[in-house]
There are 2 protein chains.
Amino acid sequence: MKVLTKNSDYAIRALLALAAKKGSYLSAKSIATEHDIPYQFLRRLLQEMIRHDLIVSKEGAQGGFMMKKDPDAITVTQLIEIFQGKVQVSECMFRKQICGNRARCVLRHEIMRIEQVVQSEFEKVTIGKLLRDLESAGLKP
Amino acid sequence: MKVLTKNSDYAIRALLALAAKKGSYLSAKSIATEHDIPYQFLRRLLQEMIRHDLIVSKEGAQGGFMMKKDPDAITVTQLIEIFQGKVQVSECMFRKQICGNRARCVLRHEIMRIEQVVQSEFEKVTIGKLLRDLESAGLKP
DNA sequence: AAAACTGATACTATATTAGTATCAATTAAA
DNA sequence: TTTAATTGATACTAATATAGTATCAGTTTT
Ligand code: FES
Ligand code: FES
């Protein structure tokens with residue numbers, strides 16, 4: 001069971017790069033080479049992040065991408081939702097008979113409780129936090 | 001992002017059925033029809049659970065499957081590991097330069113911490129617990 | 001001997017994830 | 001003003017994981 005797919009993984013790395021160079025444009029190409037991310041793949045991810053208002057872009061030579069949203073306001077949960085869909089434990093785990101009785105279904109409760117825990121843990125991790133952690137460890141993203 | 005796939009979902013349901021009829025054999029066919037699980041699919045899952053010593057089987061007419069391991073000792077984590085592989089957050093999230101420095105990598109730390117939380121939450125949920133919860137809600141699995 | 005089962009394994013189908021390619025439009029700079 | 005560097009949009013392929021089906025041999029009860 002994989003929690004982060006390449007999508008999210010790459011997206012996080014790219015955002016860290018952008019957050020570190022806040023205020024200036026970074027080209028997809030430069031991010032791709034520096035971070036070993038497949039170029040065309042990365043470009044699609046960046047487009048997606050524009051659509052979600054996390055970053056902005058400038059076309060043409062010397063163009064590129066720049067942070068828009070506050071890095072502290074971007075959580076890993078959000079990125080997972082964008083690139084892997086909402087965290088869901090199971091579509092609906094038990095047979096019709098039981099599922100008719102959603103309110104009482106204790107299994108569903110258990111499952112939903114875990115879902116909550118997972119989400120809230122990931123919500124504690126923001127791009128801003130990751131960046132500061134990296135920096136305080138003496139590493140550039 | 002799906003946490004439980006059909007594999008684990010079906011396996012949990014089948015185990016609940018077996019745990020409820022502890023001590024007697026249930027055929028794959030009866031479990032399949034009662035719980036709307038594709039018959040051949042279920043049989044493969046049952047075989048896998050035998051290999052992991054969760055259940056035992058008896059061949060021939062009137063044969064079937066029976067609980068072996070204590071239901072309270074079977075956690076959802078175990079089932080996820082069997083059917084979806086070990087819970088892992090990301091193969092290795094950052095570029096070589098940083099990954100060389102595993103000990104210091106704060107991102108990895110964050111990620112591993114969450115991995116722990118997820119696992120421990122799922123470990124709280126056992127087949128035994130689910131069964132008792134179901135029963136106390138007045139439902140048979 | 002027949003019927004009801006499991007054991008083992010091979011096969012197909014569908015969905016998700018990962019990665020590549022192409023071309024048009026835009027902008028900066030030569 | 002042409003050229004090069006860049007994004008926007010989209011279509012395509014490949015690899016892997018998930019889901020489901022089929023088949024046949026062996027075992028046990030009736
Ligand atoms: S799983 Fe559908 S209601 Fe319990
Ligand atoms: S991700 Fe590989 S060490 Fe940090």
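The model shown is predicted, which means the values in this text are computed figures rather than measured ones. Hydrogens, waters and symmetry mates play no part in the numbers below; they use all other heavy atoms, side chains included. Naming convention: chains lettered A, B, ... in sequence-line order (proteins, then strands); numbering from 1 in each chain.
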| query | Does NZ or CZ of A:Arg43 come closer than 6.0 Å to the centre of the six-membered ring of A:Phe41, within 45° of the ring's axis? | reply | no
| message | Tell me whether the side-chain N/O atoms of A:Thr5 come closer than 4.0 Å to OP1 or OP2 in C:dA18. | response | yes
| task | Rounded off to whole Å, could you give me the CD-to-C1' distance for the A:Gln47 and C:dA21 pair? | result | 16 Å
| message | Just to be sure I understand the rule, does A:Lys29 reach a base, reach only the sugar-phosphate, or reach nothing, if contact means heavy atoms closer than 4.0 Å? | response | nothing
| task | Spell out, yes or no, whether A:Met66 and A:Tyr10 are grouped together once hydrophobic residues are joined by side-chain heavy atoms under 4.5 Å, including indirect joins. | result | no
| Given that A:Ala61 and B:Leu26 both sit by DNA chain C, which one's nearest nucleotide is further toward the 5' end? | B:Leu26
| query | A:Thr33 side chain to A:Lys29 main-chain N or O, any donor-acceptor pair under 3.5 Å? | reply | yes
| request: Using a 4.0 Å heavy-atom cut-off across all strands, classify B:Tyr39 as base, sugar-phosphate, or nothing. | output: base
| message | Rounded to whole Å, please give me the gap between CZ in A:Arg43 and P in D:dA5. | response | 14 Å
| task | Please report, rounded to the nearest Å, how far the P atom of C:dC5 is from the CD1 atom of B:Ile31. | result | 12 Å
| task | Considering just the side-chain nitrogens and oxygens of B:Tyr25, establish if one lies under 4.0 Å of OP1 or OP2 belonging to C:dC5. | result | no
| query | Closer to the 5' end of DNA chain D via nearest nucleotide, is it A:Gln40 or A:Gly60? | reply | A:Gly60
| said: Closer than 4.0 angstrom, basic N to acidic O: yes or no for B:Glu48 and B:Arg51? | reply: yes
| query | Atom CD of A:Glu59 and atom C1' of D:dT7: how far apart are they, to the nearest Å? | reply | 5 Å
| request: Find the distance A:Ile50:CD1 to D:dG8:C1' and express it as a whole number of Å. | output: 9 Å
| task | Could you check how far NZ of A:Lys6 sits from P of D:dA15, rounded to whole Å? | result | 16 Å
| said: Tell me the interatomic distance from B:Phe41, atom CZ, to D:dA17, atom C1', rounded to whole angstroms. | reply: 11 Å
| Looking only at side-chain N and O atoms, does A:Ser57 come under 4.0 Å of OP1 or OP2 in D:dG8? | yes
| said: Taking the side chain as everything from C-beta on, heavy atoms only, tell me whether A:Ile31 gets closer than 4.5 Å to A:Tyr39. | reply: no
| note | Assign each of B:Gly63 and A:Phe83 the nucleotide of DNA chain C bearing its closest heavy atom; nearer the 5' end lies the nucleotide of B:Gly63
| query | Roughly, in whole Å, what's the span from CZ in B:Arg44 to P in D:dA19? | reply | 11 Å
